[in-house]
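Order of listing sets the numbers, starting from 1, for every ligand and every atom in it.
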Amino acid sequence: MASKETPPKTTEQTGGPLILSEKQGSAQIITLNRPDKLNAINEQMAAELSAALDAAETDRDVLAVILQGNERAFCAGADLSGFSDAPADRYDNYRARYNLRKTRAVYRHVHNFTKPVISAVEGFCLGGGLELALFGDFIVAGEAAQFALPEARHSLIPGAGGTQNLPRRIGPALAKELMWTARRISAAEAKEIRLVNHVVAKGGALDKAKAIVGEMEASGPLAIMMIKQAVNRGTEMPVALGFYQESDLAQLLAFSEDRQEGVKAFAEKRKPKFKGQ
Ligand code: COA
């Protein structure tokens, strides 16, 4: 007689959590946890992701955040089942797009995050999933990862920063081609066009990301923060102003204990002990 096994409950049925967050060494590993929907981002997941980021931001022991999904999907994008706005709701929809929806706010949250955010990508990284990774600082990928912004196939545009961030990462001509055709590219091609920093064996993206965070541990956490500010703001301003703000940020660091410790340790031929202050 065939046994009647009960199918595992979906994340919808269990109510979540849709985000798991765990500290490993100095990295906060934030895992998108909606596997039955390929980690498509809905309001609940976005709210939980923002909360996890908040916790990591103020935790002094966290040097960097690593975002990951699972082997099948980093994230297949925004939850398309939420795209049924009634025409009568245009007034609210417009405002929701800017502020109210958690699925909007979470992208800005990643953009404004003061610590490094590395995306460790395996499997599908599509639409809003790729846009999330693009708001982070860089991507490392398992060799079976696939990337695309396929929104035009649904007569949508990449509306979570993709039309802005992708051209800045890979150049406008290639970005437009990828968005117009919705073509899915391999990890190897993504590396070739500098969409990802590293490609490793399938299943190895998290370890690679953790190894990079491990290398950062010898650097001053305040310097890491200021470098992120200098680069992110600098790429948005004329280079002459960029040089000024670089000087200002360097000067801010000059008031820190860590900078004094860094220089002193070098003179004393020992490893510095940074406190993040
Ligand atoms: N929003 C909501 N649900 C999604 C989703 C999304 N963006 N992407 C996948 N899912 C769901 C599917 O509906 C399916 O749910 P079901 O089992 O309840 O029907 C489940 O995830 C598994 O996806 P499925 O399509 O069955 O897997 P597949 O291996 O055949 O195809 C993809 C994988 C990624 C090619 C396909 O799911 C897809 O094209 N997803 C949409 C990607 C996209 O356009 N993203 C941009 C959104 S703006």
Side-chain angles (χ1 to χ4, degrees), residues 5-20 31-49 67-86 89 93-94 96-98 100-108 110-111 119-136 139 141-167 169-170 175-187 189-190 195-196 202-203 205:
E5 276 184 27
T6 319
K9 285 191 171 172
T10 64
T11 42
E12 252 54 41
Q13 288 164 332
T14 60
L18 301 186
I19 291 292
L20 306 173
T31 305
L32 310 188
N33 181 42
R34 202 186 173 207
D36 41 305
K37 297 290 178 186
L38 305 185
N39 290 330
I41 304 174
N42 62 7
E43 284 290 288
Q44 184 188 337
M45 181 190 273
E48 289 183 28
L49 178 53
L67 296 177
Q68 69 162 356
N70 55 53
E71 197 171 293
R72 190 164 171 223
F74 174 77
C75 171
D79 188 327
L80 284 168
S81 62
F83 277 71
S84 54
D85 307 325
D89 290 333
N93 284 341
Y94 188 76
R97 169 161 287 277
Y98 276 84
L100 301 179
R101 266 186 216 138
K102 304 279 185 287
T103 44
R104 313 304 307 178
V106 71
Y107 289 93
R108 276 197 297 275
V110 176
H111 180 61
S119 298
V121 173
E122 307 280 353
F124 296 116
C125 183
L126 309 176
L130 177 52
E131 291 175 293
L132 184 68
L134 282 167
F135 268 120
I139 301 170
E143 63 192 351
Q146 296 181 43
F147 300 86
L149 289 181
E151 283 84 349
R153 288 287 163 90
H154 313 294
S155 200
L156 299 165
I157 68 169
T163 62
Q164 304 306 302
N165 287 330
L166 189 64
R169 187 75 61 94
I170 65 170
K176 280 184 277 192
E177 182 199 320
L178 290 179
M179 288 188 276
W180 283 334
T181 62
R183 182 162 68 85
R184 241 187 268 164
I185 62 169
S186 67
E189 186 175 349
L195 176 58
V196 311
K202 183 179 172 185

> Among side-chain atoms of N33 and T31, is any donor-acceptor pair under 3.5 angstrom?
Replying inline: no
>> Please determine whether a side-chain nitrogen of the Lys or Arg among K102 and E48 lies less than 4.0 Å from a carboxylate oxygen of the Asp or Glu.
In response: no
>> Quick test of your reading of the model: are E189 and R183 salt-bridged, counting only N-O distances below 4.0 Å?
In response: yes
> With sequence neighbours excluded, what pairs up with H111 under the ring pair (Phe, Tyr, Trp, His ring centres under 6.0 Å) test?
Replying inline: F135
> G128: heavy atom below 4.0 Å from ligand 1, yes or no?
Replying inline: no
>> Under 4.0 Å, counting heavy atoms only: does N42 come that close to any atom of ligand 1?
In response: no
Which option out of [options] puts a heavy atom nearest to [atom]?
atom                    : options              : result
atom 47 (C) of ligand 1 : I41, L80, D79        : L80
atom 9 (C) of ligand 1  : L38, I157, L156      : L38
atom 8 (N) of ligand 1  : A40, A73, A76        : A76
atom 15 (O) of ligand 1 : R153, K37, H154      : K37
atom 29 (O) of ligand 1 : E131, R72, R34, E151 : R72

> Numbering the atoms of ligand 1 from 1, which are under 4.0 Å from a heavy atom of L126?
Replying inline: 34 (C), 42 (C)
> For ligand 1, which atoms, with element, lie under 4.0 Å from some heavy atom of R184?
Replying inline: 35 (C)
> Among all residues two or more places apart in sequence or in another chain, which pass the side chain to side chain contact (heavy atoms under 4.5 Å, CB included) test with A190?
Replying inline: F147, I185, L195, V196
>> To the closest 0.5 Å, what do you measure between OG1 (T181) and CZ (R153)?
In response: 7.0 Å
> Crowded around E43 CD? As in, over 12 foreign heavy atoms under 6.0 Å?
Replying inline: yes
